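Read the structure below first, then the notes.
A quick note: this is a predicted structure, and the numbers were derived from the prediction, not measured.
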Amino acid sequence: MGGVGEPGRGPAQPRAPLPTFRWEQIRPHNLPGDKWLVIERRVYDISRWAQRHPGGSRLIGHHGAEDATDAFHAFHQDLSFVRKFLQPLLIGELAPEEPSQDGPQNAQLVEDFRALRQAVKDMKMFEAKPAFFALLLGHILAMEVLAWLTIYLLGPGWVPSTIAALILVISQAQSWYLQHDLGHMSVFRKSQWNHVAQQFVMGQLKGFSAHWWNFRHFRHHAKPNIFYKDPDVTVAPVFLLGELSIEYGKKKRRYLPYNCQHLYFFLIGPPLLVLVNFEVENLAYVLMYMRWTAQSGVRTCPPEAHQAEGWMTLVPPPGYLESSALLHPPLQDLLWAASFYARFFLSYIPFYGVPGALLLFVAVRVLESHWFVWITQMNHIPKEIGHEKHRDWASSQLAATCNVEHSLFIDWFSGHLNFQIEHHLFPTMPRHNYHRVAPLVKALCTKHGLSYEVKPFLTALVDIIRSLKKSGDIWLEAYLHQ
């Protein structure tokens, strides 16, 4: 490793000619401790810096030895702010005769998508409407108050308790969507405001870590439906999806009756994801992160830099790592989450006692988990799932997503995730603009012969089960006949 502009050595001398690289020279640099990537035809060595990347080394490492230009644009708002911090990592540029993307990619599609992104930006579709998000937060807070008033005024009987639980489920589901907007930097212009607001919604209203969610969720956006890169589909050996079904069958792996996974999905999928998987994963992330920062002495960027124009921000501002005035981000999240549990149990223990309040909490989490799983998976599980194909940004996002028919109710019920294609292509776009950009995206797909799939809502839900059954059947056939 080494060369001009290595991290920590400062930028190359002004006006000095940069070394040029061919893709065949770049490809080998996709190993742990040896990572290069290409942004706007410039080659960067992120090997030494990846572990300090605010979004985690996995997120940026997923683009090792690739053209990460479109991912770079997708995760950032103020590109001029970020580019100046790339300079210490610059080691060269692509040779003039080399294409901008490696492999058999559609250069015209890449060019047309970038032109579309610029046109959308010129149309101000990345600008949020404050009143829209204020209304969302207002109705979440109103439901939290309404649930408590229901028990306070009507007593802790079965009927009032059921009504209160359902109101809390709605509040919790809508809080998922709002924190998701804030995590994608699509609400406020200032990144710090998005970050602090997300910590409030995710921590105080839901009891989870905002950093954990972003660390997990942005890997999904970077490489959707790619095994071992997208955590949402890396669910083996509990469930087999896509290409993994035939692989497990050929290798005679049978940890569970996968031909029945579409049935046991109802028992362990929707009911337990939030209550068990997310709770454990969230706590493990916070504790491991705190241990790592204590041992290494390296802290991630604070709110103003952690999302300073995106989670792929490459270098924290000078002086931050020496600052001791701010709490570690995981500790902040832990305190926010503790405030949620304190508020919830102090609000309901007087009516139910400790066992009853715990039962109410579990009931809300289980019902909320059903809502979360069905809505988030209806756009992805039925689509292509497999190993890395090294596609361009637009092709990879379109292959892994589909839309669900639009209506005012479905938009609200799904947090506008029925526009999953638009959300994945433009993750920082405020969701109230998805319906505006959708015709432009559809036209791009038509021009290049790409699938732009839109389903009825109920069909999308049923397709989750169909896909699980299909994967299970493929596994069984390979298991029996290979």
Side-chain angles (χ1 to χ4, degrees), residues 35 37-40 42 44 46 49-50 52-64 66-86 89 101 110 113-114 116-118 120-121 125-128 179-195 198 210-226 229-232 300-301 303-317 329 391-398 400-401 420-431 433-434 437:
K35 293 280 185 182
L37 55 76
V38 177
I39 298 174
E40 297 169 338
R42 295 204 157 195
Y44 299 91
I46 63 169
W49 197 84
R52 297 171 63 187
H53 177 231
S57 60
R58 292 184 186 180
L59 175 60
I60 195 169
H62 288 344
H63 298 282
E66 291 184 356
D67 174 41
T69 301
D70 291 311
F72 179 73
H73 282 251
F75 284 102
H76 297 81
Q77 291 178 318
D78 188 348
L79 297 177
S80 61
F81 173 84
V82 182
R83 284 193 184 101
K84 63 183 179 181
F85 295 117
L86 283 170
L89 310 179
Q101 297 84 34
V110 173
F113 173 74
R114 292 176 182 175
L116 172 61
R117 181 178 178 84
Q118 185 58 49
V120 167
K121 187 175 181 180
M125 289 193 195
F126 287 96
E127 296 184 6
Q179 72 83 26
H180 175 256
D181 298 321
L182 292 161
H184 278 296
M185 311 281 293
S186 62
V187 179
F188 298 106
R189 291 186 178 182
K190 292 188 176 181
S191 57
Q192 183 177 1
W193 294 4
N194 283 291
H195 184 80
Q198 187 192 19
H211 290 84
W212 158 76
W213 171 259
N214 289 339
F215 174 73
R216 187 184 205 281
H217 187 61
F218 289 147
R219 286 187 287 141
H220 160 71
H221 270 273
K223 295 290 182 176
N225 283 16
I226 302 298
K229 294 186 176 182
D230 178 1
D232 289 0
T300 56
C301 299
E304 61 266 31
H306 200 209
Q307 288 246 353
E309 316 318 332
W311 266 84
M312 286 185 68
T313 300
L314 292 176
V315 179
R391 295 184 172 111
D392 60 85
W393 176 264
S395 296
S396 64
Q397 303 300 327
L398 286 163
T401 56
Q420 196 71 229
I421 293 174
E422 288 71 26
H423 172 56
H424 266 256
L425 290 175
F426 308 107
T428 60
M429 178 179 289
R431 57 164 134 153
N433 286 330
Y434 291 161
V437 75

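Taking 4.5 Å as the limit, some side-chain heavy atom of Gln101 sits within range of a side-chain heavy atom of Val110. When side chains are defined from C-beta on, Tyr434 does not count as touching Phe426, because their heavy atoms never get closer than 4.5 Å.
Nearest heavy-atom pair across Ala128 and Val187 is CB-O, 3.3 Å. Pairing each heavy atom of Val120 with each of Met429, the nearest pair is CG1-CE, 3.3 Å. When all heavy atoms of Arg117 and Thr428 are compared, the closest pair comes out as NH2-OG1, 4.3 Å. Of all heavy-atom pairs between Met125 and Val437, the closest is SD-CB, 3.7 Å. Nearest heavy-atom pair, Pro427 versus Ala74, reported as atom, atom and distance to 0.1 Å: CG-O, 3.6 Å.
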- Message: Between His221 and His62, does the ring pair (Phe, Tyr, Trp, His ring centres under 6.0 Å) criterion hold? Intermediate values first, please.
- Response: CA-CA 11 Å; His221 270 273; His62 288 344; over 10 Å; no

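For His63 (side chain) and Ala68 (main-chain N/O), no donor-acceptor pair under 3.5 Å exists by modelled atom type. A distance-only check finds no donor-acceptor pair linking the side chain of His195 to the backbone of Ser191 [under 3.5 Å]. When atom types are taken as modelled, the side chain of Ser396 and the backbone of Trp393 share a donor-acceptor pair closer than 3.5 angstrom. Asp230 contributes no side-chain N or O that, together with a main-chain N or O of Pro224, makes up a donor-acceptor pair within less than 3.5 Å. Between the side chain of Thr401 and the main chain of Gln420, no donor-acceptor pair closer than 3.5 Å is present.
To the nearest 0.5 Å, atom CD1 of residue Ile46 and atom CG of residue Leu37 are 4.5 Å apart. Between the CG atom in Leu59 and the CZ atom in Phe218 there is a gap of 8.5 Å [rounded to 0.5 Å]. Atom-to-atom distance recorded for Phe72:CZ and Ile60:CD1 is 9.5 Å, nearest 0.5 angstrom.
Exactly one residue among Arg219, Arg216, His217 makes a side-chain hydrogen bond (donor to acceptor under 3.5 Å, both in side chains) with Asp232. That residue is Arg216. Tested against His180, the residues Arg431, His423, Gln198 include a single side-chain contact (heavy atoms from CB on, under 4.5 Å) partner, His423.
The residues Asp70 and Arg391 are annotated as not salt-bridged, no charged nitrogen and carboxylate oxygen being separated by less than 4.0 angstrom. Salt-bridge check for Lys223 with Glu66: passed, with a basic side-chain N closer than 4.0 Å to an acidic carboxylate O.
Remark: aromatic rings of His211 and Phe215 are distant, center separation not under 6.0 Å.
The neighbour count for Arg114 CZ, taken as heavy atoms of other residues, nucleotides or ligands under 6.0 Å away, is above 12.
Scanning for side chain to side chain donor-acceptor pair (under 3.5 Å) contacts around Gln118 gives Asp122, with sequence neighbours left out. Residues satisfying the ring pair (Phe, Tyr, Trp, His ring centres under 6.0 Å) criterion with Phe188, sequence neighbours excluded, are Trp193.
Between the side chains of Glu422 and Asn433, not a single donor N or O lies within less than 3.5 Å of an accepting N or O.
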